[in-house]
Amino acid sequence: LFLGVDAEGLDLSHIQDPAHLIVQDWDRSMQDSQNLCSFFIPSLLDKTVCPEGKHVIHVYSSGGEPYEPWEKLQPGSEEYEEYKKACGDPF
């Protein structure tokens with residue numbers, strides 16, 4: 001997921017490293033669904049990757065999520081939208 005954010009007035013000077021890794025449970029595989037999130041803010045290193053006053057953030061989550069729960073859902077249905085929201089909540 002790539003995000004463009006308005007950074008006007010946002011002080012990120014305290015961030016020493018533009019890459020961050022969050023692991024929910026080190027006893028689980030990092031490929032388990034939603035156990036790992038990685039964040040990278042390349043615009044902290046190179047301001048030319050986005051317009052002035054903006055930042056770009058790359059967010060990655062481990063892709064070990066099985067397809068089977070999605071297989072039975074109809075896109076746009078209430079059940080689909082609820083499941084999609086629950087899967088996106090870690091972000």
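We use all heavy atoms of the structure for the numbers below, so side chains are in, but hydrogens, waters and symmetry mates are not. What you see is a predicted model; the values in this text were computed from it and never measured.
- Of the possible donor and acceptor atoms, none in the side chain of S38 sits under 3.5 Å from a partner among the backbone N and O of S61.
- Annotation: the span from F39 atom CZ to L1 atom CG amounts to 9.5 Å, rounded to 0.5 Å.
- Proximity of S29 to N35: side-chain heavy atoms (C-beta onward) are nowhere separated by under 4.5 Å.
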Can you list the steps and then say if E82 with K85 is a salt bridge (Lys or Arg N to Asp or Glu O under 4.0 Å)?
-> CA-CA 5 Å; E82 288 173 3; K85 183 183 180 321; over 6 Å; no
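- Between C37 atom SG and Q24 atom CD the span is 6.5 Å, to the nearest 0.5 Å.
- Of the inter-residue distances, the one linking D6 atom CG with K54 atom NZ reads 4.0 Å to the nearest 0.5 angstrom.
- Contact record, C87 with W70: SG-CZ2, 3.8 Å, taken as the closest heavy-atom pair.
- Considering CG of L73 and NZ of K84, their distance stands at 11.5 Å, rounded to 0.5 Å.
- When side chains are defined from C-beta on, F40 counts as touching L45, because their heavy atoms get closer than 4.5 Å.
- There is no path of hydrophobic side-chain contacts, each under 4.5 Å, that joins I15 to V49.
- Atom NE2 of H58 sits about 12.5 Å away from atom CD1 of I41, to the nearest 0.5 Å.
- For the side chain to side chain contact (heavy atoms under 4.5 Å, CB included) criterion with S43, the lone passing option out of V56, V5, L12 is V56.
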